[in-house]
Amino acid sequence: MPVVATKDQYQNAREHMVMKQLQERGISDPRVLDAMRRVPRHEFVTSDLHHLAYRDCPLPIGEKQTISQPYIVALMSQMLRLSGHERVLEIGTGSGYQTAILCALAGQVYSLERHARLADHAADVLARLGFDNVEIYVGDGSQGLPDMSPFDAIIVTAAAPALPGPLRTQLNTEGGRMVLPVGDDKEQYLEIVTRFGNRWQIERTTSVRFVPLIGRYGFRATRSEKDDDDQATV
Ligand code: SAH
């Protein structure tokens with residue numbers, strides 16, 4: 001695992017978060033708990049939100065997007081069952097916090113974000129913290145990253161209307177695992193998809209609420225999201 005500052009003023013807050021929000025709710029993978037203890041979540045939000053960074057909730061990160069609640073980050077990471085050598089694809093870099101946790105848990109991480117501004121900012125924070133096993137791309141993650149496939153694990157941190165076909169086929173054929181929220185704008189469930197050859201086993205788990213996956217195999221952009229995109233490219 002890369003070197004990250006573990007001795008900072010929020011160390012106790014992180015320890016408390018791990019105990020109360022994660023362990024007491026059943027997160028038990030020691031590698032996940034260790035990563036959550038070490039990665040400084042406050043570095044992934046603006047300084048006015050630092051004091052809220054270890055609370056049990058999502059926080060705004062700009063572009064109408066949010067950094068996920070710590071428990072959900074830990075839960076999805078645990079569901080991937082990473083042991084350290086895997087090639088992982090993440091869709092929805094956002095703040096880069098989940099990306100950092102994946103860097104700590106796997107071998108190489110590829111992360112895709114549709115908002116260039118968020119992708120650039122996340123890449124800067126990750127580099128500053130010393131995470132060097134990650135490549136960040138700007139684009140429509142619902143189409144995956146075929147050139148870099150197959151992936152041992154795929155995580156989608158935005159809600160899809162259905163399992164995106166390209167992501168399914170970019171999973172490693174020998175037990176590749178994907179975790180993603182599937183549903184509409186009101187109700188979504190975390191699904192765990194495991195691939196064995198050309199068979200995909202799907203397990204539907206807990207109910208969650210994510211921002212939408214916008215793209216060819218996701219939801220269509222609303223007018224206001226298209227306007228935001230236009231502004232983002234100016
Ligand atoms: N894991 C992130 C969550 C960010 S919210 C964090 O904890 O910070 C979900 C992110 O998915 C947003 O940044 C949004 O812009 C991005 N997103 C939505 N649709 C996408 C798509 N088709 N491809 C890539 N990123 C997408």
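Indexing begins at 1, ligand by ligand and atom by atom, following the structure's order. Remember, it's a predicted structure, so these values are computed and weren't measured experimentally.
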Which atoms of ligand 1 are found less than 4.0 Å from any heavy atom of [X]?
{"X": "G139", "result": "23 (N), 24 (C)"}
{"X": "S68", "result": "3 (C), 6 (C), 7 (O)"}
{"X": "S142", "result": "22 (N)"}
{"X": "L118", "result": "13 (O)"}
{"X": "G141", "result": "21 (C), 22 (N), 23 (N), 24 (C)"}
{"X": "I67", "result": "6 (C), 7 (O), 8 (O)"}

request  = Assess G218 for proximity to ligand 1: is some non-hydrogen atom of it under 4.0 Å away?
outcome  =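 No; G218 lies far enough from ligand 1 that no heavy-atom distance drops under 4.0 Å.
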Considering [options], which one's heavy-atom position lies nearest to [atom]?
{"atom": "atom 15 (O) of ligand 1", "options": "R41, Q98, E113", "result": "E113"}
{"atom": "atom 18 (C) of ligand 1", "options": "P212, G215, G92, G94", "result": "P212"}
{"atom": "atom 1 (N) of ligand 1", "options": "L213, I72, T157", "result": "T157"}

Is it the side chain (CB and beyond), the backbone, both or neither of [X] that lies under 4.0 Å from ligand 1, heavy atoms counted?
{"X": "L112", "result": "backbone"}
{"X": "H115", "result": "side chain"}
{"X": "T93", "result": "backbone"}
{"X": "V211", "result": "side chain"}
{"X": "R114", "result": "both"}

task = Classify the angle between the aromatic ring planes of Y10 and H42 as parallel (below 30°), tilted (30 to 60°) or perpendicular (above 60°).
result =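 Tilted, since the angle between the ring planes falls between 30° and 60°.
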Within the structure, does [X] bring an N/O atom to less than 3.5 angstrom of an N/O atom in ligand 1?
{"X": "I214", "answer": "yes"}
{"X": "Y97", "answer": "no"}
{"X": "S95", "answer": "yes"}
{"X": "A158", "answer": "no"}

query = Under the salt bridge (charged side-chain N to carboxylate O under 4.0 Å, His left out) rule, what pairs show up with a residue in residues 194-217, not counting sequence neighbours?
reply =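 Sorted result for residues 194-217: E191-R204.
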ask   = Is any side-chain heavy atom of L22 less than 4.5 Å from a side-chain heavy atom of M36?
value =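 Answer yes - side chains close enough.
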ask   = What closest approach, in Å, do L52 and L59 show between heavy atoms, and which atom pair accounts for it?
value =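 L52 and L59 have their closest heavy atoms at O-CD1, 3.8 Å.
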